[in-house]
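To start, the structure itself, in structure tokens.
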Amino acid sequence: MGKNDDLQRKLEEAYARFSKGQKKLADFIRKDYDKAAFLTAARMGEEVGVSESTVVRFAMALGYDGYPGFQKALGELVRMKLNSIQRMEVTYGRISQGEILATVLQSDIDKIKMTLGVMDHEIFELAVETILAARKVYVIGIRSCAPLASFLAFYLNPICENVTLVNTNSASEIFEQLIRVDERDVIIGISFPRYSMRTLKALEFGSNRKAKVITLTDSIHSPMTLYSSCNLIARSDMASIVDSLVAPLSVINALVVALCMKKQDEVIETLETLEDIWEEYQVYSKDELNMLGDKMELKKPLESGEEADE
């Protein structure tokens, strides 16, 4: 029997004799085990509404020497609770093939609506102002969140003067890139369950050096909020084989648009300069597709001495 099975068994067997506070802890762990694994004993107590000593006694009642041993077992539970195939079976096992498209798209629509309902507009504006005031903007996202980080960094580049998409191939590379971060800078960390410890450590590193920290995550209970006072919350509810990141992407889109509106003149000037550069160096001239009526035409570079069409 694996350690994760052992913890689940212990919770089930001991539940009946738990005190009221311990039952609250057991319920929280069974429901939000992926978040609980990142919390200190004190923070878990705050989340559930019990004292830190109650959390420690709870761990010992389950047979662990103390909270660290219990937290390690929680980590195993996060890694092994449900694999991708099991998640797919749980979520989509009863859906016919013909209903999949409508079901998945409707689910994503619902997540965007829920995100709109929980988004704090003052926090959103704070994020915009924080990014605009920063000397340098660092963006970090790992695994399924890496495309979100890349997308955000791509669109921040024409808006902000100094943007770094943090390379996340290894923990050492992350800290090497953040070595000069200070109070003039901002770090934007993107993480959804399963949460990334490397992202969390990067945010801790930035926070310790007085940098501003912005998170894009799924809940105020997310461990990513430990080092941030500016938390953008987007619903993901990842229960299937594919991580649903539609709502987080919508929040990123809104963030980019808000930033563009704040720096409209500068952004227009930057884009005009880029257009001139692209034209001068024929960046797109060999692979740009134009629609002419019902036909598609590959735009070719102008020959020497040839004039462009009016």
Centroid separation Y227 to F205 less than 6.0 Å = no
key: Cluster link F154 to L132, ILVMFWY, side chain under 4.5 Å   = yes
inquiry  = Tell me whether the count of non-hydrogen atoms from other residues, nucleotides or ligands lying under 6.0 Å of CD in E13 goes above 12.
reply    = yes
message = Can you tell me if E161 has over 12 outside heavy atoms packed within less than 6.0 Å of its CD?
response = no
task = Please report the closest heavy-atom contact between I140 and A202, naming both atoms and the distance.
result = CD1-CB, 3.7 Å
key: Minimum heavy-atom distance A36-I29, with the two atoms named   = CB-CG1, 4.2 Å
task = Return yes when atom CG of D65 has more than 12 non-hydrogen atoms of other residues, nucleotides or ligands closer than 6.0 Å, and no otherwise.
result = no
ask   = So F151 and Y155, would you call those rings parallel, tilted or perpendicular, with 30° and 60° as cut-offs?
value = tilted
query = Which distance, rounded to the nearest 0.5 Å, do you find between the CG of L178 and the CD of E173?
reply = 11.5 Å
Rounded distance [0.5 Å steps], CG in D110 versus NZ in K113 = 6.0 Å
key: Note, Y67 side chain near V55 side chain (heavy atom, < 4.5 Å)   = yes
ask   = For F28, what residues pass the ring-ring contact (aromatic ring centres under 6.0 Å, His included) criterion, not counting sequence neighbours?
value = none
inquiry  = Taking D218's backbone N and O only, do any of them form a donor-acceptor pair with S222's side chain (distance below 3.5 Å, no angle check)?
reply    = no
key: Joint cluster assignment, L116 & V128, ILVMFWY side-chain distance < 4.5 Å   = no
ask   = So how far is it from M119 CE to M114 CE, rounded to the nearest 0.5 Å?
value = 13.0 Å
Contact summary for A61 and Q22, nearest pair of heavy atoms = CB-NE2, 4.1 Å
task = Give a yes or no on whether the backbone of K111 and the side-chain of T115 come within a donor-acceptor separation of less than 3.5 Å.
result = yes
message = Which heavy atom of I131 sits nearest to which heavy atom of L156, and what is that distance?
response = CG2-CD2, 4.5 Å
ask   = What's the spacing between E46 CD and L39 CG if we round to 0.5 Å?
value = 9.5 Å
ask   = Are I233 and I112 grouped together when hydrophobic residues (ILVMFWY) are joined by side-chain heavy atoms under 4.5 angstrom apart?
value = no
query = Can you name the nearest heavy-atom pair linking L165 to Q177, along with the distance?
reply = O-OE1, 4.0 Å
query = Does the side chain of D27 reach to within under 4.5 Å of the side chain of Y15, using non-hydrogen atoms?
reply = yes
key: Spatial distance of atom CG (N231) from atom CE (M224) [nearest 0.5 Å]   = 11.0 Å
task = Output, in order, the C-alpha distance, side-chain angles, deciding distance and verdict of side chain to side chain contact (heavy atoms under 4.5 Å, CB included) for I142 and I174.
result = CA-CA 11 Å; I142 290 174; I174 292 172; 4.3 Å; yes
Output side-chain donor-acceptor pairs under 3.5 Å for residues 183-193, partner residues at least two apart or in another chain, one line each.
residue : atom : partner : partner atom : Å
R184    : NE   : D182    : OD1          : 3.2
R184    : NE   : D182    : OD2          : 3.2
R184    : NH2  : D182    : OD2          : 2.7
D185    : OD1  : R135    : NE           : 2.9
D185    : OD1  : R135    : NH2          : 3.1
D185    : OD1  : K136    : N            : 3.3
D185    : OD2  : R135    : NH2          : 2.7
D185    : OD2  : D182    : N            : 3.0
S191    : OG   : S196    : N            : 3.1

note = Residues A234 and V251: closest non-hydrogen pair is CB-CG2, 4.0 Å
message = Looking at K201, I'd like to know if its NZ atom is crowded, meaning that more than 12 non-hydrogen atoms belonging to other residues, nucleotides or ligands lie closer than 6.0 Å.
response = no
inquiry  = Keeping R198 on the side-chain end and T168 on the backbone end, is there a donor-acceptor pair under 3.5 Å?
reply    = yes
key: Test item: F58 and M44 side chains (from C-beta on) under 4.5 Å apart, heavy atoms   = no
message = When you group the ILVMFWY residues by side-chain heavy-atom contacts below 4.5 Å and let the links chain together, are L226 and I220 in the same group?
response = no
inquiry  = Using the rule that Ile, Leu, Val, Met, Phe, Trp and Tyr join whenever any side-chain heavy atoms are under 4.5 Å apart, tell me whether L249 and V163 fall into a single cluster.
reply    = yes
message = What's the separation between atom NZ in K212 and atom CD in E129, rounded to the nearest 0.5 Å?
response = 13.0 Å
ask   = Got a donor-acceptor contact below 3.5 angstrom from the S228 side chain to the C230 backbone?
value = yes
